[in-house]
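Each chain gets a letter, A, B and so on, in the order the sequences are listed, and its residues count up from 1.
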There are 2 protein chains.
Amino acid sequence: MRRATIIDIALALGVTPSTVSRALAGNSRVSLTTRQKVLNKAAELGYQPNVVASSLRKGTSDTIGMLVPRINRNFFSHVISAVEEVLNPAGFNLLICQSHERLIKERQAIQVLLKNRVAGIIMSHSIETTDFEHIIQATRQRVPVVQFDRVNKLIPGPRIVNDNFTGAHLAVKHLIRNGYNRIAHLTGSMAVNVYQERLNGYKYAIDEAGLVFEPSMVIENAITRETGFEEALKLIAKNKVDAFFCAGDFSATGAIQAIQHSGLKVPTDIGVVGFANEPFAEIIAPKLSTVEQNAYDMGIRAAKSMIKVIADNNSGDGIEEIVPVRLLVRESSVK
Amino acid sequence: MRRATIIDIALALGVTPSTVSRALAGNSRVSLTTRQKVLNKAAELGYQPNVVASSLRKGTSDTIGMLVPRINRNFFSHVISAVEEVLNPAGFNLLICQSHERLIKERQAIQVLLKNRVAGIIMSHSIETTDFEHIIQATRQRVPVVQFDRVNKLIPGPRIVNDNFTGAHLAVKHLIRNGYNRIAHLTGSMAVNVYQERLNGYKYAIDEAGLVFEPSMVIENAITRETGFEEALKLIAKNKVDAFFCAGDFSATGAIQAIQHSGLKVPTDIGVVGFANEPFAEIIAPKLSTVEQNAYDMGIRAAKSMIKVIADNNSGDGIEEIVPVRLLVRESSVK
DNA sequence: TACAAAAATACAAACGTTTGCACAAAAAAC
DNA sequence: GTTTTTTGTGCAAACGTTTGTATTTTTGTA
């Protein structure tokens, strides 16, 4: 059963393909009567537009490429979901790739998206990425790039970021107000804006309270539950910390386990605040105080930004949209 | 900066586009020397194949459509991730849609995928879907459909399912062995194969142990944490249950909270086993015993199955692949 | 009734590939 | 040295749309 084309409709109606095309597109140059005839015949033949042909002719597609480190990470899957929710009603589809946090895979993915002539790319770069040439290349081909979460200013186009600084500031201030004053910070790689900004927020809060910033209290690359557990264990042993501000909920969970493993109590002996509000944060015991990162909001904004950039033909260069965060105070940080 | 095409390469080299096309495709009909020249020139011009044009000409694309109820559900995001991991190296891309558990959106999504001339569709249908005509329509157009998790036999093509029956059987048998004998079952909609099979496994285990099956102990549409909490509360109040087998970890969490809310203890007074092994299952207190549902494995199999079906030109009709499950015994079900 | 303006439709080229067939040149076979 | 086979290229059409321009038809006006 060959699929019906515009030509089949044209032939059946004794008009030309161009008229059918315009009729289907709702072009005002075709009369209402023929448009109706075309629509009827299209329905009758079960016509399904061939967007591949359409894209080729128009030189652009209705597909937006999405590139994230890992599809199955809670944060990213929520962003993707939100992006889809906005883009789909707007007539766009989502072509999704993951970099697995590898630069090589990220490069390949960009090529795949460009080969597919996507109308734009929404992305968050891998943790390995320090050279952004492959991404800039896309913008040079006039394929707009909207970055979110992990972003870099070298790449033209809008950026949607969390208010990481404020989130960290709020979290640490909250710990200090609650009587903690030897606060360690478990974080990720300083090559990523996200962790840099959280560290800055941490430092600012420490300064602001008149406490002394101790570099030995900041541990980089401790972002998983396992590394969080290990590093927290060491810090407890030698640095007499009385609180942890963790740049992620996973390391925060590790820290809690390390504290309990050391025979101490959360929050009485040591307080903990995480970052991200992962779904388990309010299920674990004690319930984890954390900075809510609104993945959904971020996805909505990224998608809307993309639609705008496409509509305005590559505007929005360098605009940075900051998504507000909230500190969720639960049990792990209040004595 | 216009993008280089095959014609540009041909012109620069004084050969025809057809030769360039064949050279790039590695066709043996073109000599090694010209192929090398073509490849060099392609690199020099920064040539990126236009897969849109290629797809139009070939009549099929390298894009696989993926349709799930919700991208951001842990299970689905893991399946998607695994599918991507297999499909990408095989040269396929993923076009992703979500149905939001709505039949209307599912229908639209299928149309979108067909319009995009995807080479196949990997999907799990919405909870509302009882009429499968829109999906069968795809197969009629020779677009292969591979179903996973929530599947229906009316739809031609392979199906990848969990061993829900065995999982439920193991879980309930385990509860019985551990001294529980008034076991309630919180589950989802009976319109979905997944929950039907789990109920069957539950019944079988009850029968097998010589216990009496009580319909009042089975609560449908109690699959979220909230409904799990409410229904568990009611059952505890009037049915003197001593265990819950829940068809999902969310309702299991709700049940645990209801038990604790009623002043009882897990697992001493009431045992709980969930289903899915959500990430929080081993973080909550008490750690949740659950049936591991290997989303990753399922995704790998679905993707491989799709590749095979495409390669063999729509074979594999009606083949059902059953993914083994494991019972993870933790704290919530052992007195 | 004639003529201009407006509306509706037709024509044809283009988007960038792929591929069956034709053809020439080189290599192999006789 | 002729014929056959092999190897390498070229030619041209096709995939299904879209769209600028040309043409026809309709409508309005004098």
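Using a 4.5 Å cut-off on side-chain heavy atoms (C-beta onward), B:Pro49 and B:Ser54 make no contact.
Of the residues in residues 4-11 of chain B, those lying under 4.0 Å from DNA chain C by heavy-atom distance are B:Thr5, B:Ile6, B:Ile7. Sorted by residue number, the members of residues 45-56 of chain A with any non-hydrogen atom under 4.0 Å from DNA chain D read A:Tyr47, A:Asn50, A:Ala53, A:Ser54. Only A:Ser28, A:Arg29, A:Val30, A:Ser31, A:Thr34, listed by number, bring a heavy atom of residues 25-37 of chain A to less than 4.0 angstrom from any atom of DNA chain C.
For the 3.5 Å distance criterion, the side chains of A:Ser18 and A:Ser21 fail to qualify, holding no donor opposite an acceptor.
Residue B:Ser18 places none of its side-chain N or O atoms closer than 4.0 Å to OP1 or OP2 of D:dG10. Between A:Ser21 and D:dT17, a side-chain N or O to OP1/OP2 separation shorter than 4.0 Å is absent.
No more than 12 heavy atoms of other residues, nucleotides or ligands shown are found within 6.0 angstrom of CZ on B:Arg102.
In this structure, the side chain of A:Thr129 does not engage the main chain of A:His125 through any donor-acceptor pair within 3.5 Å. Under a 3.5 Å cut-off, the side chain of A:Asn193 and the backbone N or O of A:Val151 do form a donor-acceptor pair. At distances below 3.5 Å, not a single donor-acceptor pair connects side-chain atoms of B:Arg142 with backbone N or O atoms of B:Thr139.
Distance B:Asp62 CG to C:dT17 P: 14 Å, rounded to the nearest Å. When the C1' atom of C:dG16 is taken as reference, atom CZ of B:Arg3 falls 12 Å away, rounded to whole Å.
Donor-acceptor pairing under 3.5 Å, judged by distance alone, is present between the side chain of B:Arg22 and the base of D:dG10.
Between B:Glu128 and B:Lys105 there is no salt bridge, since no side-chain N of the basic residue sits under 4.0 Å from a carboxylate O of the acidic one.
If you find the closest nucleotide of DNA chain D to B:Thr19 and to B:Arg117, the one lying nearer the 5' end belongs to B:Thr19.
By the 30° and 60° cut-offs, the orientation of the rings of A:Phe75 relative to A:Phe148 is tilted.
No option in A:Gln98, A:His134, A:Gln111 other than A:His134 meets the side-chain hydrogen bond (donor to acceptor under 3.5 Å, both in side chains) test with A:Glu106.
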